[in-house]
Amino acid sequence: MADSIVTSSNSSTPSLNPTRIICHVCQKQFSQYTCPRCNSRYCSLQCYKSHSLRCTESFMKENVVQELHQMQPDEQTKNKMLDILKRFHSQEEMDENSFADSTLSEETMEKILSGQEISFDDLSLEEKKRFHRAIAYGELSKMIKPWDPWWSKPSARNICLSKEGTQLVQPLPDQELLDDDIGSDEFSKVPLGPETPLPPLSRLSSKEPSPLLTVHLVDILYSYCFTLRLYNGDWRSDALGSVMVVLSVSSVLGQGAQPETVLEALSHCLEQVCCPAYRHIGGLQFGLGVIDDVISLLGLGTPALVCALCDMHRWIQEGEKEAKSERPRKSQRGGTRSAIKLAERKIYFIMCWVREQPEEVWSSLAAIVRAEKTSAMEFQQSNRSEDLNNKAEAKGKSLIQEI
């Protein structure tokens, strides 16, 4: 006996035969599935995606947010972060104790500030030693005006991109135009978005994107913010050098790592920026401050994130050009060119992924990053208080012994 065919699940026709319901979307095929939200019947994934934009976006949002909340760091990752904080806290204390002898003499500093030309050979042996120390501890960098990040500008909150992710022309407020005329730093301007439409992820990969991309984004954004801070916003002065900094700080881009939690990603970044090569910039305190830059970028939403990744993609391409122009034995050492090319592809992929995510994801991710930073700072504060108490006790004991 033939099956009954109905076009609505609300049909009241009594029948003992199996009921076949037509797809509510295409009205051509028999339905095989039911939407868990609106109970609409559909036959395929394509019909599900087109049956209700509210249902599909809400479902994707809940999945991403659920994955974020499940990304809880394990004890091993927590202990690693604590070891990093302890180790670099002690190193910073050593640096502070040896910093007193790292400055130049007043006479030499006055000549420099007055604009007189002084060569290295004009310095005495002691001044040459102090000059090297001043460079190592970042004392000379204090004479340079700090860079004002573009994500702190009011215009960063008004970035407009098309549905395909390309830059739209937008008028600037009168006050901001006035600031630009006065002589605003060109490196503090909001970077332009993509010049060509970003393809959908389905065209770049047949696989579903990993839920860990949110964590990888934190790693990449941290290396972006740190490198811009290091170069005072002017990565163009040394495109290849800035790319090498990115690869050294980011475990995702430089090592192909797959961090599973935000804490794991931040721990690796802090460990790199506190190493001897970058410690003179500010050490752990500076590294924790870069986390605020990441939080600010996440708070600006999808347009700002796309512009940041597009800016990063451009300087990776510039660095790749410089690497090709150098001697083969120098640029290809350690697979530098292949690592840069792979990093370029990863940034482009995650930029396309960012464009397709709901805005609610970034607020949830920013809250997780903020919580991890707060935990790190609380530990650092408690560790310093403990050190001060120990020093006070030791000083009291020595005083008693002398009396």
Side-chain angles (χ1 to χ4, degrees), residues 112 119-120 131-153 183-192 195 219-255 268-283 286-287 289-290 293-294 297 307-348 351:
I112 295 175
S119 66
F120 186 73
F131 181 77
H132 284 301
R133 290 172 186 169
I135 294 175
Y137 291 102
E139 177 66 12
L140 297 183
S141 63
K142 295 179 181 179
M143 302 173 65
I144 303 175
K145 180 182 178 182
W147 173 63
D148 190 15
W150 63 262
W151 51 83
S152 64
K153 298 285 186 178
S184 178
D185 186 3
E186 65 172 308
F187 306 122
S188 296
K189 294 180 180 178
V190 176
L192 296 177
E195 298 178 357
D219 172 277
I220 293 173
L221 289 179
Y222 189 99
S223 65
Y224 171 75
C225 297
F226 174 79
T227 306
L228 283 180
R229 291 282 188 183
L230 178 64
Y231 281 84
N232 220 36
D234 184 18
W235 60 264
R236 292 175 182 83
S237 61
D238 184 12
L240 181 56
S242 65
V243 170
M244 299 311 297
V245 173
V246 167
L247 297 182
S248 66
V249 174
S250 169
S251 63
V252 174
L253 299 178
Q255 304 175 13
H268 178 271
C269 291
L270 287 173
E271 187 173 5
Q272 297 306 310
V273 303
C274 292
C275 71
Y278 306 123
R279 198 191 315 152
H280 66 279
I281 303 171
F286 181 85
V290 176
D293 294 328
V294 176
L297 272 174
C307 288
L309 292 169
C310 185
D311 186 37
M312 197 175 188
H313 188 255
R314 288 191 187 101
W315 97 42
I316 293 288
Q317 290 178 324
E318 289 297 323
E320 185 180 8
K321 291 179 183 178
E322 288 190 9
K324 289 180 180 179
S325 64
E326 291 187 352
R327 295 180 180 179
R329 64 178 183 179
K330 184 177 180 180
S331 61
Q332 293 181 355
R333 183 169 40 191
T336 300
R337 290 175 60 180
S338 59
I340 294 176
K341 189 66 178 178
L342 183 59
E344 178 192 351
R345 293 176 180 174
K346 287 183 179 180
I347 293 173
Y348 187 77
M351 178 167 56

Nearest atoms (heavy-atom pairs only) where [X] meets [Y]:
{"X": "M351", "Y": "L309", "value": "CA-CD1, 3.7 Å"}
{"X": "A323", "Y": "L240", "value": "CB-CD1, 4.0 Å"}
{"X": "L253", "Y": "S250", "value": "N-OG, 3.0 Å"}
{"X": "V290", "Y": "F226", "value": "CG1-N, 3.8 Å"}
{"X": "D219", "Y": "C269", "value": "OD2-SG, 3.8 Å"}
{"X": "E322", "Y": "D238", "value": "OE1-OD1, 4.3 Å"}

Decide yes or no for [X] and [Y]: does some side-chain heavy atom of the first lie under 4.5 Å from some side-chain heavy atom of the second?
{"X": "E318", "Y": "V243", "result": "no"}
{"X": "F286", "Y": "V273", "result": "no"}
{"X": "S223", "Y": "M312", "result": "yes"}

side-chain hydrogen bond (donor to acceptor under 3.5 Å, both in side chains) with [X]: which residues, sequence neighbours excluded?
{"X": "Y278", "result": "S248"}
{"X": "S242", "result": "none"}
{"X": "E320", "result": "none"}
{"X": "Q317", "result": "E344"}

Which residues pass the ring-ring contact (aromatic ring centres under 6.0 Å, His included) test with Y222, not counting sequence neighbours?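 Applying ring-ring contact (aromatic ring centres under 6.0 Å, His included) to Y222 gives none.
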Return the set of residues passing ring-ring contact (aromatic ring centres under 6.0 Å, His included) with Y231 (not counting sequence neighbours), or none when no residue passes.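 In terms of ring-ring contact (aromatic ring centres under 6.0 Å, His included), with neighbours along the sequence ignored, Y231 is linked to no residue.
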Distance from [X] atom [atom1] to [Y] atom [atom2], nearest 0.5 Å?
{"X": "M244", "Y": "L247", "atom1": "CE", "atom2": "CG", "result": "5.5 Å"}
{"X": "L297", "Y": "W150", "atom1": "CG", "atom2": "CH2", "result": "5.0 Å"}
{"X": "I220", "Y": "S251", "atom1": "CD1", "atom2": "OG", "result": "9.0 Å"}

Determine, step by step, whether L228 and W315 satisfy the side chain to side chain contact (heavy atoms under 4.5 Å, CB included) criterion, reporting the C-alpha distance in whole Å, the side-chain angles of both residues, the deciding distance to 0.1 Å, and the verdict. CA-CA 11 Å; L228 283 180; W315 97 42; 3.7 Å; yes
All salt bridge (charged side-chain N to carboxylate O under 4.0 Å, His left out) counterparts of R229, not counting sequence neighbours: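 R229: salt bridge (charged side-chain N to carboxylate O under 4.0 Å, His left out) contacts with D293.
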For the side chain of H313 and the backbone of A308, is there at least one donor-acceptor N/O pair under 3.5 Å apart?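 No, H313 side chain to A308 backbone: no donor-acceptor pair under 3.5 Å.
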Can you sort out the partners of L192 under side-chain contact (heavy atoms from CB on, under 4.5 Å), two or more places apart, ordered by chain and number?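 L192 satisfies side-chain contact (heavy atoms from CB on, under 4.5 Å) with Q167, R314 once adjacent residues are dropped.
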Assess whether ring-ring contact (aromatic ring centres under 6.0 Å, His included) is satisfied between Y224 and W235, documenting all intermediate values. CA-CA 10 Å; Y224 171 75; W235 60 264; 9.6 Å; no
